[in-house]
Engineer: 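One structure, pasted below without further comment.
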Amino acid sequence: MTVEDDRMKFAEELRICSRALASASSGAPLRRLQHFARDVLFSTPDRKLRTLCFIIDQWVKDYYLNFAGDVFSPSWERIEVIRKELLRQSASHAFDRLADAVAEGTNPIEALEELVTSYLDGIAAANVELERA
């Protein structure tokens with residue numbers, strides 16, 4: 001595959017994940033995206049794409065480590081709502097924006113900012129719920 005093929009395929013994987021998150025379909029769209037990103041890390045010469053794939057891999061790792069619904073508390077239902085909103089709305093939208101930037105070859109920083117800050121905001125909201133419990 002060429003570098004352009006790698007970019008287009010990564011953009012498509014981001015869109016697939018976004019649609020799955022927005023529709024709350026079953027399966028593990030984040031894990032699928034993470035596996036694709038890991039494969040690209042060591043197979044493309046495109047430094048920008050490798051960097052984006054590394055960031056996505058780390059984001060998914062952190063999500064599953066810190067925010068994947070493993071919190072047991074009296075507020076677990078509210079935390080689950082926060083987590084689902086993060087995925088359906090914020091992460092889905094950020095992945096779409098990132099896919100557009102990758103496909104167009106434009107700067108992805110705003111999409112990455114949206115992904116990271118919405119995630120941090122979700123964790124903060126969950127922590128507030130935990131403190132209330």
Engineer: So which heavy atom on C17 is nearest to which on P29, and how close?
Structural biologist: SG-O, 3.6 Å
Engineer: Side-chain contact, heavy-atom cut-off 4.5 Å: L115 with I56?
Structural biologist: yes
Engineer: In Å and rounded to the nearest 0.5 Å, what is the CZ to CG distance from R32 to L30?
Structural biologist: 12.0 Å
Engineer: Answer yes or no: is there a donor N or O on one side and an acceptor on the other, between the side chain of S23 and the main chain of R19, under 3.5 Å?
Structural biologist: yes
Engineer: Any heavy-atom pair between the side chains of E12 and I16 that's under 4.5 Å?
Structural biologist: yes
Engineer: Same hydrophobic cluster for V116 and V60, using side-chain heavy-atom links shorter than 4.5 Å among ILVMFWY?
Structural biologist: yes
Engineer: Is it true that atom CZ of R78 has more than 12 heavy atoms of other residues, nucleotides or ligands lying nearer than 6.0 Å?
Structural biologist: yes
Engineer: Is any side-chain N of the basic residue among R132 and E129 closer than 4.0 Å to the acidic one's carboxylate O?
Structural biologist: yes
Engineer: Taking I55 as the starting point, is it possible to reach F10 by hopping between hydrophobic residues whose side chains are less than 4.5 Å apart?
Structural biologist: yes
Engineer: Does H93 offer a backbone N or O that forms a donor-acceptor pair with the side chain of D96 under 3.5 Å?
Structural biologist: no
Engineer: Got a salt bridge between E13 and R38, using NZ or NE/NH1/NH2 to carboxylate O under 4.0 Å?
Structural biologist: no
Engineer: For Q58, look at atom CD and say whether over 12 heavy atoms of other residues, nucleotides or ligands are found less than 6.0 Å away.
Structural biologist: yes
Engineer: Nearest 0.5 Å, what's the CZ-CG distance between R47 and L52?
Structural biologist: 13.0 Å
Engineer: Under a 3.5 Å threshold, yes or no: a donor from one side chain and an acceptor from the other, between D121 and S118?
Structural biologist: no
Engineer: Measuring from L65:CG to K61:NZ, what's the distance to the nearest 0.5 Å?
Structural biologist: 10.5 Å
Engineer: Before accepting this row, confirm whether a basic side-chain N of the pair R83/E80 lies closer than 4.0 Å to the acidic partner's carboxylate O.
Structural biologist: yes
Engineer: What distance do M8 atom CE and T2 atom OG1 have between them, rounded to the nearest 0.5 Å?
Structural biologist: 9.0 Å
Engineer: Give, for atom CG of L49 and atom CD of E4, the distance between the pair rounded to the nearest 0.5 Å.
Structural biologist: 10.5 Å
Engineer: S90 and E114: which non-hydrogen atoms are nearest, and at how many Å?
Structural biologist: O-OE2, 3.9 Å
Engineer: Report all side-chain donor-acceptor pairs from residues 100-107 shorter than 3.5 Å, counting only partners two or more places apart or in another chain.
Structural biologist:
{"residue": "D100", "atom": "OD1", "partner": "R15", "partner atom": "NH2", "Å": "3.0"}
{"residue": "N107", "atom": "OD1", "partner": "I109", "partner atom": "N", "Å": "2.9"}

Engineer: Taking all heavy atoms of D6 and all of T44, pick out the closest pair and write down the distance.
Structural biologist: OD2-OG1, 2.8 Å
Engineer: Do you know which two heavy atoms are closest between L87 and Y63, and how far apart they sit?
Structural biologist: CD1-OH, 3.2 Å
Engineer: Please report the closest heavy-atom contact between G122 and I82, naming both atoms and the distance.
Structural biologist: O-CG2, 3.6 Å
Engineer: When the ring centroid of W59 is compared with that of F95, is the distance short of 6.0 Å?
Structural biologist: yes
Engineer: Taking the side chain as everything from C-beta on, heavy atoms only, tell me whether L21 gets closer than 4.5 Å to R88.
Structural biologist: no
Engineer: Search all heavy atoms of L41 against all heavy atoms of F54 and return the closest pair with its distance.
Structural biologist: CD2-N, 3.5 Å
Engineer: So is R31 actually on top of Y64's ring, under 6.0 Å and inside 45° of the axis?
Structural biologist: yes
Engineer: Walk me through whether V3 and R7 qualify under side-chain contact (heavy atoms from CB on, under 4.5 Å).
Structural biologist: CA-CA 6 Å; V3 169; R7 286 178 173 271; 4.2 Å; yes
